[in-house]
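Order of the sequence lines fixes the chain letters, A, B, ..., with proteins taken first and strands second; residue numbering starts at 1 for each chain.
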Number of protein chains: 2
Amino acid sequence: MAQKETVERILDAAEALFSERGFAETSLRTITSTAGVNLAAVNYHFGSKKALIQAVFERFLEPLVADIERRLSELEQQPEAINVESLLKVLSSAIYEVHGRNTNRATAFMRLLGLAYTQSQAHLRNYIAQRYGETFQRYAGLLKPALPGATDQELFWHTHFALGTAIFTMSNFDALRAMAVNDTGHRGSVDFIVSHLTGFMAAGLRNASHPHR
Amino acid sequence: MAQKETVERILDAAEALFSERGFAETSLRTITSTAGVNLAAVNYHFGSKKALIQAVFERFLEPLVADIERRLSELEQQPEAINVESLLKVLSSAIYEVHGRNTNRATAFMRLLGLAYTQSQAHLRNYIAQRYGETFQRYAGLLKPALPGATDQELFWHTHFALGTAIFTMSNFDALRAMAVNDTGHRGSVDFIVSHLTGFMAAGLRNASHPHR
DNA sequence: GTAAGTTTCAAACGATCGTTTATGGAGGAG
DNA sequence: CTCCTCCATAAACGATCGTTTGAAACTTAC
């Protein structure tokens, strides 16, 4: 096997295993044996397990954030005012486009994003915040005029409510779909779930301040 | 120290440490040294680490679920139709009452609930589902007529969207309030956050199916 | 073909993990 | 006092973890 392949085989195996079990629960030995490479290859090519975790996220986030930036620029050049739904659609569309019809890959990515928040990996949160903070701030700057009447305090909390909705759903995507089969008889198509998730977030963002409409 | 105290000292330390770091990241040695008891005490009194995790949740969930059941019975005896807000208030009020003004305890509990979903602890999810499944189903049965027009599929996903919003917010409560100070200058009172969180969830539950109202 | 640099490999390292064992003290019952 | 049960304690067990080592295999360049 060529030398370049080793790195990608490790990243593929780590990505799948991390998303299934979490970071602490996945050993380097499981990763390397799944990837079919030697145990020492991880420390040779990446330096440490922490660096491997960051590399997995970088491979995922780099094209995604680039696509988000591109879509935000498109949105800004349109003459009409930017509304909440179009901003939420930027995110869902970017995930669709970057990872295509490969739902396994997309749900794995979602679970990883959730784990980044939940698991105690301070180094990972720092890395993400430092590397992609500009995009987050640009997005927030566009969201503010899309929600007129909200105070800064309300804007902060409502966006984090919405963020939590998405992250929780994403990180438990497979488990929730399994439960859905038991409870409703339907697994739920990705399109159905994403569109309702977007609707939930948009409705919450608009009306959280006026609970008794 | 009295003999009965050992069990509770372990539960106190485990509860705090699990909520801070997660289950796999917290060793029994850290728990026992924090509790000031011998290492073997965990296996002696609880049998295993898994059983300790379940015991932590049982101590938390038992009084909480009892209080929720009581409030649901009150609600059912009222002549008026049950609406979404009153059902959401049952949950927030129960947490308030059971854990009182002790916000540390309440946020620790919510973080644990979030971890139960996120961390790969199948035994814990099975335990919770088996032990408290009836209450969940009773709650869902009351929620359904409060959201007329929603299909079973929509009901399932919308309630889990709302659940995710609450769990994410509460499990990151302290971190979010710290971020709020930086971004907005206000820490946000508990009442402010809870009322807006409830508003967000209610708005999402009602309008998730009709994103373009 | 030889030398230098890069990657793979088996083996071991020290540390930490959950769990078990053996010992002995504390306290109540007969 | 003796026996028995319950619990705390120190020590060790086997397993697994991330990481390091040193030599072998391979690639590249001259």
Side-chain angles (χ1 to χ4, degrees), chain A residues 1-59 112 115-116 119-124 126-127, chain B residues 1-59 112 115-116 119-124 126-127:
Chain A
M1 76 195 68
Q3 63 269 39
K4 175 96 186 292
E5 272 193 12
T6 299
V7 170
E8 291 197 358
R9 290 168 69 95
I10 293 174
L11 286 174
D12 287 341
E15 180 180 295
L17 291 168
F18 283 153
S19 74
E20 284 175 11
R21 320 182 185 184
F23 305 116
E25 295 86 350
T26 304
S27 70
L28 294 184
R29 283 170 176 81
T30 307
I31 293 173
T32 52
S33 71
T34 300
V37 304
N38 189 272
L39 167 63
V42 168
N43 285 281
Y44 176 78
H45 287 286
F46 297 95
S48 68
K49 185 179 182 181
K50 284 186 179 180
L52 171 62
I53 296 176
Q54 292 184 4
V56 168
F57 274 82
E58 182 172 358
R59 190 176 66 153
L112 285 175
L115 291 179
Q119 306 250 60
S120 58
Q121 298 279 347
H123 72 97
L124 182 57
N126 293 340
Y127 167 80
Chain B
M1 74 196 70
Q3 61 270 37
K4 175 96 186 294
E5 273 191 11
T6 299
V7 169
E8 290 198 357
R9 289 169 69 96
I10 293 175
L11 285 174
D12 288 340
E15 179 180 295
L17 290 168
F18 283 153
S19 74
E20 284 175 11
R21 320 182 186 183
F23 305 117
E25 296 86 349
T26 303
S27 70
L28 294 185
R29 284 171 176 80
T30 306
I31 293 173
T32 52
S33 71
T34 300
V37 304
N38 189 272
L39 167 63
V42 169
N43 285 281
Y44 177 79
H45 286 286
F46 297 94
S48 68
K49 185 179 181 179
K50 285 185 180 181
L52 170 63
I53 295 176
Q54 292 183 5
V56 168
F57 274 81
E58 182 172 357
R59 190 175 65 154
L112 286 175
L115 290 180
Q119 307 250 58
S120 58
Q121 299 279 347
H123 72 97
L124 183 57
N126 293 340
Y127 167 80

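Distance check: Glu25(B) CD to Leu115(B) CG gives 8.5 Å after rounding to the nearest 0.5 Å.
Look at NZ on Lys49(A): it is 4 Å from P on dG18(D), rounded to the nearest Å. As rounded to whole Å, 11 Å separates atom P of dT19(D) from atom CD1 of Ile31(A). Protein atom CG of Leu39(B) is 19 Å distant from nucleotide atom P of dT23(C), rounded to whole Å. Atoms CD (Glu25(A)) and P (dT16(C)) sit 19 Å apart, rounded to a whole Å. The nearest whole Å value for the distance from the CG atom in Asn38(A) to the P atom in dC9(C) is 6 Å. Lys50(A) places its NZ atom 15 Å from the C1' atom of dC17(D), with the value rounded to the nearest Å. When rounded to the nearest whole Å, the span between CZ of Phe18(A) and C1' of dG18(D) equals 12 Å. Regarding Asn43(A), its CG atom lies at a distance of 19 Å from the P atom of dA11(C), rounded to whole Å.
The side chain of Ala40(A) approaches dC9(C) more closely than any other nucleotide in the set dG18(C), dA12(C), dC9(C). Side chain of Leu28(B), nearest nucleotide from dT8(C), dG18(C), dA8(D): dG18(C). Taking the side chain of Ser48(A) as heavy atoms from C-beta on, and the options dT20(D), dT19(D), dA10(D), the nearest nucleotide is dT19(D).
In this structure, Thr26(B) reaches the sugar-phosphate backbone alone: every heavy-atom distance under 4.0 Å involves primed, P, OP1 or OP2 atoms, never a base.
When each of Ser27(A) and Tyr44(A) is assigned the nucleotide of DNA chain D bearing its nearest heavy atom, the one mapping closer to the 5' terminus is Ser27(A).
Between Glu15(A) and Arg59(A) there is a salt bridge, since a side-chain N of the basic residue sits under 4.0 Å from a carboxylate O of the acidic one.
Ring pair Phe23(B)/Phe18(B) is perpendicular by interplanar angle, where above 60° counts as perpendicular and below 30° as parallel.
Put simply, His45(A) has no side-chain N or O that comes within less than 4.0 Å of OP1 or OP2 on dT6(C). Using a 4.0 Å cut-off, some side-chain N or O of Thr6(B) falls inside it from OP1 or OP2 of dA8(D).
In summary, of the residues considered (Val37(B), Leu52(B), Val7(B), Thr6(B)), a side-chain contact (heavy atoms from CB on, under 4.5 Å) with Val42(B) occurs for Leu52(B) alone.
Arg21(A) places no side-chain N or O within donor-acceptor distance of the main-chain N or O of Thr26(A), the cut-off being under 3.5 Å.
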